[in-house]
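First up is the structure itself, then whatever we jot down about it.
Throughout, numbering of the chain's residues begins at 1 and tracks the sequence.
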Amino acid sequence: MDVRQTIDAFEQWFRTFVFSEWTLYQFGIIAVGYVAASFLASRTEPALEAKARRIKGNPDLLRVIIAFMRRLKWLFLAVWLWLANVVLTQNTWPSQRWLVSTALTLTAAWFIVSVLTKIIHNPTLSRAVAIVSWSYVALYALRLDGPVLSALDGLAVNLGAVRLSLLLVLKAVVLAVALIWVAVLVGNVLSRWVQRSGDLSPSIKVLISKFIKIGLIMIAGAIALSATGIDLTALTVFSGAVGVGIGFGLQKVVSNFISGIIILLDKSIKPGDTITLGDTFGSIRDLRSRFVSVITRDGKEYLIPNEDFISQQVVNWSFSSDYVRIDVDFGTAYDSDPHEVARIAIATASTVDRVANDYRAPVCWLTCFGASSLDFRLRFWISDPANGLTNVRGQVLMALWDAFKEAGVSIPFPHREIIMRTPVEIKQSRQD
């Protein structure tokens, strides 16, 4: 059969199908079902969605349920088409219900795919996955998957002993993305399970979570390549080139990655620790494979490379203990009793809420006979350095001011005397 005969046969089939009485009936069934489904969905979606939004604590489940509620039109249409297909199956030939059966398959597939893909947080990626998945189902339902796949497989190039076709590339990409996404999803679930464990330290929890995610992603990639028929031994040269590229072009990335593993293994820092690195003072929020997230008291979040925690001096205020000693220097006039001043300072510091009196009591020492004051140093301990150091110093100084004022202890300020070597005569002129 030549091309002309094929076209004529298709035209004859198309005219017979379009102008068939049963085709018009099926179009009418689909149109009535669509109108009825749209009406029912407009009545039920708002009430059900309002109830669904009361779900708390599981945003992924809420996202899927909301997507389900907003697509009730397609669910109602699928139910209508299913009932129509059952009735037509019992009373007509298969050729007289083909349109309804195909519409049922496409509608049900779009409903399921569009709801399940809402698990993906990225809206653009979610819609792309939904369209691609539904398109494949549509080709399968229309029995066009075979010709399309054959055409894609025909677009190929030979790279030595490896035949690389467009179909193979698409399969590898789709499988790799799907399996890696599943691996990340499973890794997040296992990581949350590890984080809830009370027997592990925070750094070990982070280390186990990272190893789980990396291991699952590597396994997913290997399974995707093997499932598409790509020989992993053929990637030896490629992996060698990647290794050279990592060695020369990605030194900082690899250095930060290895530094992150070392940090987790030696437990030098962990989430929740209060640290000082250079001019940055804050608490550690998260440990990543490339950087450490540090939040300061003013709300800024610094992403510090892991390498800096290995190569620079780091002050970990809560490394072995949460208790931190703070010094406050002050001075009083020379006519003050230093014994009474020390007693007042110790009693005053003990009244501040954040001072850890149960750990170590505050102490106060006379440190120096200054130029214009008796200099003292008050030392006390706190157990919550993450809540700030400057503010607790300010609280103690304010309490000392009030206590000294009540006790009559004066806080001097510098005085300067000027001695003239020669007499100076001061005259006052009068103006009439």
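Listed by first and then second residue, the salt bridge (charged side-chain N to carboxylate O under 4.0 Å, His left out) pairs involving residues 381-408 are Arg354-Asp384 (not counting sequence neighbours).
Taking the centre and axis of the six-membered ring of Trp365, the NZ or CZ atom of Arg377 falls outside the cone set by 45° and 6.0 Å.
Thr44 contributes atom OG1, which lies 12.0 Å from atom NZ of Lys73 (distance to the nearest 0.5 angstrom). Atom CD1 of residue Ile29 and atom CG of residue Asn85 lie 9.5 Å apart, to the nearest 0.5 angstrom. Note: Asp273 CG to Ile284 CD1 = 5.0 Å, rounded to the nearest 0.5 Å. If you take CH2 on Trp74 and OG1 on Thr107, they are separated by 6.5 Å, rounding to the nearest 0.5 Å. Separating the OG atom in Ser101 from the CH2 atom in Trp82 is a distance of 13.5 Å, to the nearest 0.5 Å. Considering CD1 of Ile346 and CG of Leu378, their distance stands at 7.5 Å, rounded to 0.5 Å.
Between Phe291 and Ile304, every side-chain heavy-atom pair lies at or beyond the 4.5 Å cut-off. Contact of the Leu277 side chain with the Gln312 side chain is registered, since non-hydrogen atoms from C-beta on lie closer than 4.5 Å. At a threshold of 4.5 Å between non-hydrogen side-chain atoms, the residues Tyr323 and Ile382 do not count as touching. The shortest distance between side-chain heavy atoms of Asn357 and Pro362 falls below 4.5 Å.
Ring pair Trp381/Tyr359 is perpendicular by interplanar angle, where above 60° counts as perpendicular and below 30° as parallel.
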(request) Check the pair Ser259, Glu307 against side chain to side chain donor-acceptor pair (under 3.5 Å), reporting the backbone distance first and the verdict last. (result) CA-CA 6 Å; Ser259 299; Glu307 185 181 9; 6.0 Å; no
(request) Go through the steps to decide whether Ile326 and Val355 satisfy the test side-chain contact (heavy atoms from CB on, under 4.5 Å), and finish with yes or no. (result) CA-CA 10 Å; Ile326 297 179; Val355 176; over 6 Å; no
(request) Show your working on side-chain contact (heavy atoms from CB on, under 4.5 Å) between Leu287 and Asn306 and close with a plain yes or no. (result) CA-CA 9 Å; Leu287 301 177; Asn306 293 327; 5.7 Å; no
(request) Could you go through the side-chain contact (heavy atoms from CB on, under 4.5 Å) check for Leu389 and Phe281 one step at a time? (result) CA-CA 10 Å; Leu389 305 179; Phe281 171 82; 3.9 Å; yes
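Every residue two or more places apart in sequence or in another chain that forms a salt bridge (Lys or Arg N to Asp or Glu O under 4.0 Å) with Arg288 is listed here: Asp286. Listed by chain and number, the residues in a side-chain hydrogen bond (donor to acceptor under 3.5 Å, both in side chains) with Thr276 are Trp317 (sequence neighbours excluded).
In this structure, Trp80 places its CH2 atom where only 12 or fewer heavy-atom neighbours from other residues, nucleotides or ligands lie under 6.0 Å away.
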